[in-house]
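Read through the structure below, which is laid out as structure tokens, and then see the notes.
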Amino acid sequence: MAGELTMSPIMQDALVILGAAGIVIPVFARFRVTPIIGFIVIGLLVGPFGLGTLVEQIPWLQYVTISDPERLTPFADFGIILLLFAIGLELSFNRLWQMRKLVFGLGSLELLIIGSSSAAFFGYVSGMGTTAALALGFALAFSSTAIVLPISGTKSPVGRAALSMLLFEDIMIVPIIFILGALAPNAANEGWTGLTDTLLQGGLVIVLLLVIGRFALPRLFSQAARTKSPELFLAASLLVVIGASLATAATGLSPIVGALIAGLLIAETEYHGEVESIMEPFKGLALGVFLITIGMSIDVMSILADWVNIAAAVVGVLVFKAVVTGSLLRAMGARRSTAAETGVLMASPSETTLIVLAAATSALVIDVETAQFWQIVTAIGLTITPLLAKLGRVIARRVEAVPELPEEDLEDSRTIIIGGGRVGRLIADMLKAHSQPYVILDSDPDMIDGAKRQGYRAAFGDAARGDALTRLGIEKAPALVLTMDEPVLAQRLVSRLRSQYPDLLIVARARDTDHAAHLYRAGASHAVPENLESSLQLSEAVLVDIGVAMGPVIASIHEKRDEYRERLERDGGLSEKPKLRTSTSAP
């Protein structure tokens, strides 16, 4: 019949997912609870082990349930790819090089010790064969990149430690799966040959990506930027991440390796902030799909039928991994609070655990019943990871109290300075000189300790977490100053704070005028481009000292500043020219 609408299964699933996102994100944000739990619960409810079991009795439930989770797998995989791409955007090759000891030192020790110790335990207690014990032990050693990093971030001490271990785990996914294939009962030496070929071909592809990306990406995004078309910019971003992922996948490496490299390459360009903001909604939605598939894998009836063994397995894995990870961090010089919080956060198994278990099962290394048991354990571990994060913060405060402000200091209104580095302390000095109360907030305990020893009012906390600013009384703060040299994070904070506190005065440090335009669009009251003002003041000094009259010099500086005000007004989409009052020569 003409005009008849047929609903395909994929369309039904898309409606369920979009409906879930529309409900979960605002509701959980209202109660300041991470939507990670919400997506997993939704997956449990609408999946084949939830309301899907009632479809035969109540036919209309087929429109609000997902009967075949396998259809969502490509979208979930794409979510993980976008997540690694976003991680690459927040990093740089210099920062990654600085982290090499953590990645290949801490990361390798963590995976090796947990994997081998777990394998020895399974081989001794349950009588598993060596290959099966190794497969299960190393599968459980992985931690969840998709859930841990959105919780911890990558800037704090906990985030840096977690990132280093997770990066090494992501690198080791493919070798471990190949080795399992080589050790399978029905395998010959093809597995080892395949591993060698994959590593050689993958290494060549990675080198090509690095070389081509260095020259091609700046030109690609420059052309996209000139068109001033968000659609073209989005298309270019997706082309890069998907192309790099397919290139590494074609050689047998994990596609997330290509996504990470693509992010690192774009992070070296001036367009990384725009790419980050444009890709953020897609990453969040795709990650939500992944979390829904995790919820769908939880069979409540199976858990109830064997809840004692499952609970014992979950607790055993969490405690063992937390102790090993925390001890390693402590041995490598991390603070007790950082070691404790990171250990608990990294304790749960990973989505990669499910991949390794599936590979081991298909290779006949692990029997199906054992794999299903540990899949349930993994799904439960992933579900409670946000709760583990909260528990880790509580334990961290108990084992090593971080510097806090006295309670009476929290009652008065004060300017909040986010970032305790050189710029933040200079602003604190100026506020103190004019008898204006302030507090410095930073997520680096060493930075806070040093600031307090020098007489600054400072408190430990992560500004990305709303409770830290609430504790410092942001509702009564006359102003908030962002001083960190982290453009993406600053832009996110400005956007979130402006939506929560429409009347708050937000003054942000900008890397350059382009970044200032992004900050103004995000809602900053004032964005100060540090390169502009330093350049103008240097120009003033040199012109005056070489004999040019002060009057014409000041006039030319005002003229140049006004040019940039017009540019910021245009690029930032502002209704009027922003004020750039940062020089003593300014009017």
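Because the structure is predicted, anything quoted here is derived from the model rather than measured.
Between the side chain of S118 and the backbone N or O of G115 there is no donor-acceptor pair closer than 3.5 Å. With hydrogens and angles disregarded, a donor-acceptor distance shorter than 3.5 Å links the side chain of R330 to the backbone of A334. K101 places no side-chain N or O within donor-acceptor distance of the main-chain N or O of L106, the cut-off being under 3.5 Å. S350 contributes a side-chain N or O that, together with a main-chain N or O of S143, makes up a donor-acceptor pair within less than 3.5 Å. No donor-acceptor pair under 3.5 Å is formed between the side chain of E341 and the backbone N or O of A389. K321 places no side-chain N or O within 3.5 Å of a backbone atom of G316 that could act as its donor or acceptor partner.
Proximity of V324 to S117: side-chain heavy atoms (C-beta onward) are nowhere separated by under 4.5 Å. At least one side-chain heavy atom of L136 sits less than 4.5 Å from a side-chain heavy atom of L357. No side-chain heavy atom of F85 sits under 4.5 Å from any side-chain heavy atom of L264. Residues T248 and L209 are in side-chain contact: their nearest non-hydrogen atoms beyond the backbone lie under 4.5 Å apart. No side-chain heavy atom of L102 sits less than 4.5 Å from a side-chain heavy atom of L163.
Here the closest non-hydrogen pair linking L166 and S144 is CD2-C, 4.0 Å. Scanning all heavy atoms of the two residues, the minimum distance from A141 to L111 falls at CB-CD1, 3.7 Å. A pairwise comparison of heavy atoms in A139 and T353 identifies O-OG1, 2.6 Å as the closest pair. Nearest heavy atoms, S245 versus P255: OG-O, 3.3 Å. Minimum heavy-atom separation, L210 to L265: O-CD2, 4.0 Å. A162 and T342 make their closest contact through N-CG2, 4.2 Å (heavy atoms, listed as atom of the first residue, atom of the second, distance).
Listed by chain and number, the residues in a ring-ring contact (aromatic ring centres under 6.0 Å, His included) with F168 amount to none (sequence neighbours excluded). Looking at residues two or more places apart in sequence or on another chain, you find no side chain to side chain donor-acceptor pair (under 3.5 Å) involving S495. For T325, there are no side chain to side chain donor-acceptor pair (under 3.5 Å) partners at least two apart in sequence or on another chain.
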- Step by step, would you call T385 with S348 a side-chain hydrogen bond (donor to acceptor under 3.5 Å, both in side chains)? CA-CA 6 Å; T385 299; S348 62; 2.8 Å; yes

- Task: Dump the intermediate steps for side-chain contact (heavy atoms from CB on, under 4.5 Å) on N309 and F373, then the final yes or no.
- Result: CA-CA 9 Å; N309 290 328; F373 175 86; 4.0 Å; yes

- Message: Using side-chain contact (heavy atoms from CB on, under 4.5 Å), reason through T370 and M128 one step at a time and then give a plain yes or no.
- Response: CA-CA 11 Å; T370 300; M128 281 186 178; 3.7 Å; yes

- Task: Show your reasoning for whether side-chain contact (heavy atoms from CB on, under 4.5 Å) applies to T131 and V365.
- Result: CA-CA 7 Å; T131 304; V365 172; 3.4 Å; yes

- Query: After noting the C-alpha distance and the side-chain angles of L391 and L387, does the key distance pass the side-chain contact (heavy atoms from CB on, under 4.5 Å) rule?
  - Reply: CA-CA 6 Å; L391 176 62; L387 303 179; over 6 Å; no

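Residue I261 forms a side-chain contact (heavy atoms from CB on, under 4.5 Å) with just one option from V241, V205, I206, and that option is I206.
Atom CG in L318 sits 13.0 Å away from atom CE in M346 (nearest 0.5 Å). In this structure, I114 CD1 and M165 CE are separated by 8.5 Å, a value rounded to the nearest 0.5 Å. In this structure, CD1 on I380 lies 8.0 Å from CD1 on I384, to the nearest 0.5 angstrom. Between L482 atom CG and L441 atom CG the span is 10.0 Å, to the nearest 0.5 Å. A distance of 9.0 Å separates CD in Q372 from CG in D367, rounded to the nearest 0.5 Å. From F49, atom CZ reaches atom CG of L44 across 10.0 Å, with rounding to the nearest 0.5 Å.
For F320, the CZ atom sits in a packed shell: over 12 heavy atoms of surrounding residues, nucleotides or ligands are nearer than 6.0 Å.
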